[in-house]
Number of protein chains: 2
Amino acid sequence: MTAIKDNNLSASLEDYLEAIFNLAGASNVARSKDIAKSLGVARSSVTGALRVLKKKGLANYRPYDYVTLTKAGQDIAAEVVRKHNIITSFFVNVLGVETDIAQQAACRAEHTLGPEVISKLLCFIGFVNKNSKNGYDLADEFKRFCKSRPQNNSFSGKQMSSTVGLDEVKPGQKCKIVRIIGRSGVNKRIADMGVVPGTILEVQRVAPLGDPIDVKLKGYRLSLRKEEASKIMVELGQSE
Amino acid sequence: MTAIKDNNLSASLEDYLEAIFNLAGASNVARSKDIAKSLGVARSSVTGALRVLKKKGLANYRPYDYVTLTKAGQDIAAEVVRKHNIITSFFVNVLGVETDIAQQAACRAEHTLGPEVISKLLCFIGFVNKNSKNGYDLADEFKRFCKSRPQNNSFSGKQMSSTVGLDEVKPGQKCKIVRIIGRSGVNKRIADMGVVPGTILEVQRVAPLGDPIDVKLKGYRLSLRKEEASKIMVELGQSE
DNA sequence: TGACAAAGTTAGGTATAACTAACTATACTA
DNA sequence: TAGTATAGTTAGTTATACCTAACTTTGTCA
Ligand SMILES: [Mn+2]
Ligand SMILES: [Mn+2]
Ligand SMILES: [Mn+2]
Ligand SMILES: [Mn+2]
């Protein structure tokens with residue numbers, strides 16, 4: 001029933017609504033100058049945004065007048081603020097992120113997280129609170145866990161072997177050919193010389209503008225144009 | 001040391017890097033057409049983005065050629081993908097969000113969450129996993145908790161009394177004046193008549209274009225211009 | 001080989017969201 | 001009530017990120 005409708009507003013416009021809503025606070029009005037300050041934009045940018053919000057029926061705006069939100073505007077603003085608070089609460093009270101950082105991140109993320117995620121997040125906060133009442137302070141436990149393993153910077157995503165184009169290898173470095181891109185035109189020429197995947201080669205000299213590149217492989221010496229080299233994907237050796 | 005530097009890229013450019021990185025997968029090359037498809041943009045948009053990425057030294061791009069990422073481009077792309085995966089993992093495995101939705105939300109949020117939040121999130125996933133090995137399956141417990149209280153749609157943020165401008169009130173509705181905005185010019189005239197905060201009034205008739213608005217208050221009848229009415233903030237009565 | 005389809009680019013356009021500089025309205029104060 | 005400071009607007013510009021339509025290059029296959 002009372003579902004929050006797709007507001008379809010840009011992050012920027014949502015932030016204007018949020019700022020107006022927050023500034024209005026007790027007085028229900030916001031001044032252009034304060035909106036500008038709170039969003040860190042020029043006053044003229046606020047004028048422009050207000051015109052758009054008015055056209056969308058979200059703000060009551062007349063030039064040189066105070067600004068208020070329409071009912072529709074208030075509803076959207078309240079929803080943005082709600083998301084902001086839920087996300088912030090999770091970051092601070094569950095994850096233990098520093099308040100300032102959490103606020104900033106939340107005010108960016110609030111525009112990207114849909115109702116499914118937000119409702120789960122809210123529920124999760126409730127879950128943590130309930131547990132803490134039952135004697136198991138999850139947030140506290142987590143804080144202790146964090147300290148015990150200070151930085152775990154890896155994540156088991158797909159591991160990428162760091163392959164680069166031969167044109168990016170510096171002189172003196174050895175590397176192994178992983179793959180040669182394309183088979184027609186200039187590249188055909190390369191492939192036809194013994195340059196095949198698996199070959200180890202060493203970059204000898206690179207001309208000032210990266211063209212040409214001299215490499216040594218299988219005893220031969222070869223001069224490659226940068227354009228050609230860029231199509232030879234290599235894996236760096238552990239030299240250097 | 002090996003700190004990921006501020007890449008300072010727009011969300012859009014990060015997504016291009018991410019798409020190229022993912023498409024490259026085994027072959028290390030990506031084709032424009034596939035980048036376009038995976039991001040849902042026109043082919044010409046890809047050309048534009050590639051030019052920018054090249055200028056920034058992140059992609060090896062020559063017109064009509066395959067695309068590869070430079071080392072710098074790969075590093076940033078890998079970081080974006082890492083964030084994407086961490087966020088997705090949290091949404092799916094901890095919060096229990098549906099996979100598709102989680103992926104979409106993660107691919108938006110990955111551009112807004114900084115290293116502090118991401119590292120805590122990663123740590124939290126580890127925390128949940130460790131507990132589950134120790135017999136306490138937090139994610140599972142949470143799932144059960146979610147079901148037990150289906151929808152808790154409120155959040156203890158600041159509660160806003162729903163005040164609107166008098167110009168938004170429909171005929172027949174009663175409301176209470178909460179505040180009158182401004183004191184000079186036309187508004188002074190209003191304030192000078194017994195129209196003060198606390199007064200209960202009822203909207204009687206609204207002309208076709210919302211101007212003028214006839215209201216009844218304290219036995220009097222008053223005709224207000226829309227401009228004036230918009231400055232009278234009221235709280236709606238429970239009629240209608 | 002050469003015709004054709006597919007891939008890629010260019011040109012030209014729109015929308016959003018900023019900015020600065022210059023102007024105008026409003027509010028305060030003497 | 002005039003004069004000034006402040007607030008707000010307008011005009012004109014920039015940058016990003018898309019789009020469609022038309023054109024060019026490339027790869028394929030008869
Ligand atoms: Mn916010
Ligand atoms: Mn925000
Ligand atoms: Mn992503
Ligand atoms: Mn993304």
Side-chain angles (χ1 to χ4, degrees), chain A residues 7-20 23 27 29-56 58-68 107-108 111 181-189 191 227 231, chain B residues 7-20 23 27 29-56 58-68 107-108 111 181-189 191 227 231:
Chain A
N7 64 33
N8 216 31
L9 293 175
S10 66
S12 171
L13 288 181
E14 284 191 352
D15 276 340
Y16 279 101
L17 287 181
E18 188 188 24
I20 295 167
L23 283 170
S27 69
V29 285
R31 281 176 309 167
S32 195
K33 182 194 70 155
D34 298 322
I35 299 168
K37 188 162 67 174
S38 95
L39 292 176
V41 298
R43 300 194 308 281
S44 62
S45 305
V46 176
T47 302
L50 289 177
R51 272 204 285 253
V52 176
L53 291 176
K54 180 202 171 76
K55 194 158 58 193
K56 291 180 183 287
L58 303 175
N60 300 303
Y61 166 68
R62 300 242 142 193
Y64 294 105
D65 207 344
Y66 292 86
V67 184
T68 59
C107 204
R108 277 174 272 126
H111 315 286
I181 296 162
R183 281 147 292 107
S184 68
V186 287
N187 295 91
K188 198 163 192 172
R189 183 177 78 83
E227 199 176 333
K231 297 187 179 170
Chain B
N7 64 32
N8 217 29
L9 293 174
S10 66
S12 172
L13 289 181
E14 285 190 352
D15 276 340
Y16 278 101
L17 287 180
E18 186 187 26
I20 295 167
L23 284 170
S27 67
V29 284
R31 281 176 309 168
S32 195
K33 182 194 69 155
D34 298 322
I35 300 169
K37 187 161 67 175
S38 95
L39 292 177
V41 298
R43 299 194 309 280
S44 62
S45 304
V46 176
T47 303
L50 289 177
R51 272 203 286 252
V52 176
L53 291 175
K54 181 203 173 76
K55 194 159 56 191
K56 291 181 184 288
L58 302 176
N60 300 305
Y61 166 69
R62 301 242 143 195
Y64 294 105
D65 206 346
Y66 293 86
V67 184
T68 60
C107 204
R108 278 174 271 127
H111 315 287
I181 297 162
R183 282 149 291 109
S184 68
V186 288
N187 295 92
K188 198 162 191 174
R189 183 176 77 82
E227 200 176 332
K231 297 188 180 170

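Naming convention: chains lettered A, B, ... in sequence-line order (proteins, then strands); numbering from 1 in each chain. All values reported here derive from a predicted model rather than from experimental measurement.
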Can you identify which nucleotide, out of dT20(C), dG8(C), dA18(C), has its nearest atom closest to the Ala42(A) side chain? dT20(C)

Which listed nucleotide (dG8(D), dC19(D), dG8(C)) is nearest to the side chain of Lys33(A)? dG8(D)

Among Ile20(A), Thr47(A), Val41(A), side-chain contact (heavy atoms from CB on, under 4.5 Å) partner for Ile35(A): Ile20(A)

Using salt bridge (Lys or Arg N to Asp or Glu O under 4.0 Å) as the criterion, list what pairs up with Arg31(B), not counting sequence neighbours. Asp34(B)

Tyr66(A) side chain N/O closer than 4.0 Å to the phosphate oxygens (OP1, OP2) of dA27(C)? no

Looking at dA18(C), I'd like to know if its phosphate oxygens (OP1 or OP2) sit under 4.0 Å from a side-chain N or O belonging to Ser45(A). no

Beyond-backbone contact of Cys107(A) with Asp15(A), side-chain heavy atoms, under 4.5 angstrom: yes

Can you tell me how far [atom2] of [Y] sits from [atom1] of [X], rounded to the nearest 0.5 angstrom?
X: Thr68(A); Y: Tyr61(A); atom1: OG1; atom2: OH; value: 12.5 Å
X: Asn60(B); Y: Asp65(B); atom1: CG; atom2: CG; value: 9.5 Å
X: Glu18(B); Y: Leu39(B); atom1: CD; atom2: CG; value: 8.5 Å

Spacing between [X] atom [atom1] and [N] atom [atom2], to the nearest angstrom:
X: Leu39(B); N: dA17(D); atom1: CG; atom2: P; answer: 12 Å
X: Glu14(A); N: dT16(C); atom1: CD; atom2: P; answer: 15 Å
X: Lys54(A); N: dG8(D); atom1: NZ; atom2: P; answer: 16 Å
X: Asp34(A); N: dT6(D); atom1: CG; atom2: P; answer: 14 Å
X: Asp15(A); N: dA17(C); atom1: CG; atom2: C1'; answer: 12 Å
X: Ile35(A); N: dA18(C); atom1: CD1; atom2: P; answer: 13 Å
X: Arg31(A); N: dT26(C); atom1: CZ; atom2: P; answer: 16 Å

May I ask you to check whether over 12 heavy atoms, not counting those of Lys56(A), lie within 6.0 Å of atom NZ? no

Generate the contact string for nucleotides 9-15 of chain D. Rules: B means base contact, S means sugar-phosphate contact only, - means no protein heavy atom under 4.0 Å. BB-----

